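Sequential numbering from 1 along the given sequence is applied to the chain's residues. Each ligand, and each atom within it, is numbered from 1 in the order the structure gives. A quick note: this is a predicted structure, and the numbers were derived from the prediction, not measured.
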Amino acid sequence: MYFTNIAIAIMKQKIQDILTEIVEQFKKNNLIPQDAAIRVMIENTKDKKNGDYATNLAMLLAKPMKKKPQEIASLIVDSIPVTDEITKVEIAGPGFINFFVSKNYLASQVEAILNDEHLGVKTAAKPETVVIDYSSPNVAKEMAVHHIRSTVIGDAVVRILEFLGHKVIRANHIGDWGTQFGMLIAYLEKKENENASNLELSDLEAFYREAKKCYESDEEFAVRARGYVVKLQSGDEYCLKMWKKLVNITMVQNQEIYDRLNISLTEKDIMGESLYNPMLKPLVEDLVSKNLAVRDDGAMVVYLKNFADKDGNPRGVIVQKKDGGFLYTTTDIACTKYRCETLGANRIICFADSRQHEHLMMSWEIARLAGYVPEGVVLEHGAFGMMLGKDGKPFKTRDGGTVKLKDLLNEAETRAAELIAQRNNDLPEDLREQVIKTVAMGAVKYADLSKNRTTDYVFDWDNMLTFEGNTAPYLQYAYSRIQSIFKKAGETEPGRIVISTPEEEALAQQFVKFNEAVNNAAAKIAPHLICTYIYELAGLFMRFYEACPINKDDVPADIKASRLSLCKAASSILKTGLGMLGINVLDRM
Ligand code: ARG
């Protein structure tokens, strides 16, 4: 860009390093016992009167050093080397130490961020292979509204980890195997014989319901269906072909939803339950040979000590039924093994709703006991709460049915069209369509992503489709507003940054924190941390824009250029941050 290359020093890290060194010195001089465990912590200050960063280190050292915190604080302050970066170090209150960072240094850091393709975000020192299991709908069933959570949150985490340089393997663990397929094949056959239209087949909810009806009321149909289960299991060509058709009909529809929602999943990412089917028999044999699985009343059971009841009886988990059939758990053990051994995963994150927690924990415990999970591999359940209606009850249609995702997205677009119509703008028709779609999908995704993942969340149209508050439309609008500033700026290019007002300073400090927000979101599997960050950024930008004129005639050229650089940083971080959430921005809206 426009600046010579300046390294981005993470200021917080620098201060941390200096203080850690001082603690070491204290130890060397026997001021603190050698074995004392001291955790140096640096905080971002809330009130800028107290500087930019603060530490409570002096208080922590009071006990081991047997001195007053204020005394220790002044010892520490005396040991801090003078640099251009830190203009002032102050002792406050009972012994806090406050650090003031120089405005010039801050400006240079923002310039460095603008020069950096990762906008100052530190990418992974050791990239990992991360398998992310998400979306995972079931075949011959409509994707329902709760699948949106897994899909949207999972895809954001995929993008965040990829941004940080990790190798991410998307695993769409679709429910594409099981005894229900006999019935579904028999029903598909019936429909084909009746020359059913594509439209009839595509109503998956009705398809499943009708198949079940036939199975329950028509004995001949039921016999045929049971026969097909056996045939399918043994690899019968006809049954496999029919099964494949069912998977395709479902996944073509789901892909449409992925594309509409800007979800990065494709057909290539499908790794459904059927993939593991051939591995289940040898797996159970292996569990038996390792004395983990034992026969109990005809079934194969693994007893888990770590899941004992309150009387100490280990919990039994069935891995093979009496009739020889395998279970959801067996598949998850096999898939964990496959992901570790074949895909080489260092980390596996499974996005499934919190009710599946115990199931996953037990499957993983068995996989670990069997030695399928190498030391150091992290298995995480990206659990999430339920989606509730405004009444606090599970989100349902007016008549109590499950809301189909497709209908929900259609409604989002209708509502977004109303929202956009309320603003009197002169968008050309094709652009208007694009704005509506982008705002609608952004709003739905952001409403989900901005909440803490683990709690239930209330789905409320009015709170998500508005230009006010922590919503996608607000952020998208902030972005497009910056683009119009650039347009108005004409010939003037962004240039060297000079920070002179408190609003510029606050904004610049927020830019420097992008690294922390992204890395925290990745470590905690918490995309909402990025939402909070960019929402704050947008707010600080609006305040800056009100206080600091850019395109007015009397603004000196160098100040205009500097402020345009701040706009540039805000625009890039907004776009990149929203991009990590899978939300698009528009130059005009
Ligand atoms: N298909 C499952 C469902 O709809 C989710 C699968 C989650 N992943 C897994 N490895 N079990 O509930």
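Protein residues with a heavy atom closer than 4.0 Å to ligand 1 are Asp133, Ser136, Asn138, His147, His173, Tyr328, Asp332, Cys350, Gln356, listed by chain and number.
Using a 4.0 Å cut-off between a side-chain N of Lys or Arg and a carboxylate O of Asp or Glu, Glu219 and Arg226 qualify as a salt bridge. One finds a salt bridge joining Lys281 and Glu285 here, because a Lys/Arg side-chain nitrogen approaches an Asp/Glu carboxylate oxygen to under 4.0 Å.
The number of heavy-atom neighbours closer than 6.0 Å to CG of Leu343, taken from other residues, nucleotides and ligands shown, is above 12.
With sequence neighbours left out, Glu380 forms a salt bridge (charged side-chain N to carboxylate O under 4.0 Å, His left out) with Arg347.
Looking at Glu358, His357, His359, Gln356 one by one, the single match for side-chain hydrogen bond (donor to acceptor under 3.5 Å, both in side chains) with His381 turns out to be His357.
The heavy-atom pair separating Leu261 from Lys445 by the smallest distance is O-NZ, 2.6 Å.
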